[in-house]
Amino acid sequence: MEIWVVEQDFQALESLLPAAQGLGRLALLVEIAWHIRQRDTLRAQELIVEARALCESEILTPAQRQATLARIALTAGETHWLFAEIDLAQALANKALTNFAELGDAIGCSDAHALLAVLMGERGEPERRDQHLEQAVYFARQGSDNLRADIGEAAIALWTVFKDLNLAQERWGAHFVAAQAGAHPALSVWIHGFIGMLAFQKTDIAPTVEHLLKSFNAAQLTGQVQRQIIAATNLGVAFGNLNDPQTAMEWLQRALVLARRTAWPSSLGLALVQTATTQRVLDRFDAAQALLEEALQVLE
């Protein structure tokens with residue numbers, strides 16, 4: 001199971017589903033649900049329901065059933081995370097991790113730790129987040145999946161920017177600057193996010209904009225919609241710091257459109273607050289107030 005796929009490959013995969021039956025359909029449902037988890041989270045949940053039913057009705061070996069249900073649980077866990085159902089997401093991630101570990105599935109363990117890392121971030125527990133990210137990298141290397149491992153390393157680097165800028169620069173700066181050429185688009189999301197935020201923290205806005213735009217485009221290509229919203233929001237903030245509120249508003253509106261489409265509370269709340277901030281700068285106080293009041297309801 002690949003971690004992320006480009007849009008063309010996803011569409012080719014999805015086109016196989018209407019004619020698929022039996023075990024072949026089950027395998028496709030599980031894979032498509034995984035790859036649509038951020039592209040269309042509600043549809044992913046619908047596919048998960050069908051996949052669970054097929055998993056019970058089709059003849060599978062115990063190991064096949066356990067592996068299939070573990071991937072279904074992990075995919076469901078991510079959808080619940082996106083909808084801010086953190087306790088349920090964590091329970092499903094832990095369940096998946098237990099089953100993947102029993103099967104000796106290193107890639108499954110890596111993905112489960114990656115989701116748990118995100119959830120620890122949501123809970124405001126950065127040390128546990130980083131521990132899970134390190135485990136995600138470790139298991140990805142064990143499973144000979146360098147793309148997953150490199151994405152995990154880039155995520156660690158990105159978070160380090162916010163707590164120790166010098167360490168992030170010294171440990172990963174030159175490495176990821178060199179690695180950006182020829183990187184898989186799924187990794188480019190994180191590499192350019194890291195380089196962009198490194199520049200932002202140093203108030204070097206031109207490379208901030210350059211790399212966040214590359215991160216946004218790569219996220220769009222690979223279905224990483226949550227990172228796409230974050231990149232668009234950060235671009236809005238960067239243009240605001242350049243005293244260009246009009247361009248800032250264009251990017252923030254783009255983030256807001258994406259966030260409204262997903263209806264993920266954390267992403268939508270972020271986009272609403274940042275858009276309101278720029279509306280205030282533009283002296284559009286009524287619009288700013290309306291967005292902030294909506295943000296309070298979404299984030300409550």
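The figures here come from the full heavy-atom set of this structure, side chains too, leaving out hydrogens, waters and symmetry mates.
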I'd like a table of donor-acceptor pairs (distance under 3.5 Å, sequence neighbours excluded) in which one partner is a side-chain atom from residues 17-26, with atom names and distances.
residue, atom, partner, partner atom, Å
Arg25, NE, Glu50, OE2, 2.6
Arg25, NH1, Leu17, O, 2.8
Arg25, NH2, Glu50, OE2, 3.2

Got a list of side-chain donor-acceptor pairs under 3.5 Å for residues 229-243, not counting sequence neighbours?
residue, atom, partner, partner atom, Å
Thr233, OG1, Ile229, O, 2.8
Asn234, ND2, Ile230, O, 3.4

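Put simply, the side chain of Leu165 does not reach to within 4.5 Å of the side chain of Thr160, judged on heavy atoms. The closest side-chain heavy-atom distance from Trp251 to Leu213 is below 4.5 Å. Inter-residue side-chain proximity for His80 and Gln45 is flagged as met; some heavy-atom pair is nearer than 4.5 Å. Between Ile48 and Thr75 there is a side-chain heavy-atom pair separated by less than 4.5 Å. At least one side-chain heavy atom of Cys55 sits under 4.5 Å from a side-chain heavy atom of Leu69.
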*List the steps, then state whether side chain to side chain contact (heavy atoms under 4.5 Å, CB included) holds for Glu14 with Ile36.*
CA-CA 10 Å; Glu14 194 175 30; Ile36 208 173; 4.1 Å; yes
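Under the salt bridge (Lys or Arg N to Asp or Glu O under 4.0 Å) criterion, the residue pairs touching residues 200-227 are Glu210-Lys214, with sequence neighbours excluded. The list of salt bridge (Lys or Arg N to Asp or Glu O under 4.0 Å) pairs with a residue in residues 69-90, not counting sequence neighbours, reads Arg37-Glu78, Arg71-Asp111, Asp87-Arg123. Pairs passing the salt bridge (Lys or Arg N to Asp or Glu O under 4.0 Å) check and including a residue from residues 163-173, sequence neighbours excluded, read Asp130-Lys163. The salt bridge (Lys or Arg N to Asp or Glu O under 4.0 Å) analysis of residues 183-194, with sequence neighbours excluded, yields no pairs.
Side chains of Thr41 and Trp264: a donor on one and an acceptor on the other come within 3.5 Å. A donor and an acceptor atom, one from each side chain of Gln297 and Glu293, are nowhere located under 3.5 Å apart.
Considering OG1 of Thr275 and CG of Leu292, their distance stands at 10.0 Å, rounded to 0.5 Å. Atom-to-atom distance recorded for Leu268:CG and Leu299:CG is 8.0 Å, nearest 0.5 angstrom. Phe216 CZ to Leu221 CG: the interatomic distance, rounded to the nearest 0.5 Å, is 12.0 Å. From Ser267, atom OG reaches atom CG of Leu82 across 7.0 Å, with rounding to the nearest 0.5 Å.
Scanning both residues, Ser188 and Ala218, for their nearest heavy atoms gives CB-CB, 4.0 Å.
Using a cut-off of 4.0 Å between Lys/Arg side-chain N and Asp/Glu carboxylate O, Arg141 and Asp150 are scored as salt-bridged. The pair Arg43-Asp40 does not meet the salt-bridge criterion, since no charged nitrogen lies less than 4.0 angstrom from a carboxylate oxygen. Under the 4.0 Å criterion applied to side-chain N and carboxylate O atoms, Arg260 and Glu294 are assigned as salt-bridge partners.
Criterion: ILVMFWY side-chain heavy atoms under 4.5 Å apart, direct or through other members. Under it, Tyr138 and Leu116 are not part of a common hydrophobic cluster.
Atom CZ of Phe83 is surrounded by more than 12 heavy atoms from other residues, nucleotides or ligands within 6.0 Å. Open room surrounds CH2 on Trp159; 12 or fewer heavy atoms of other groups in view lie less than 6.0 Å from it.
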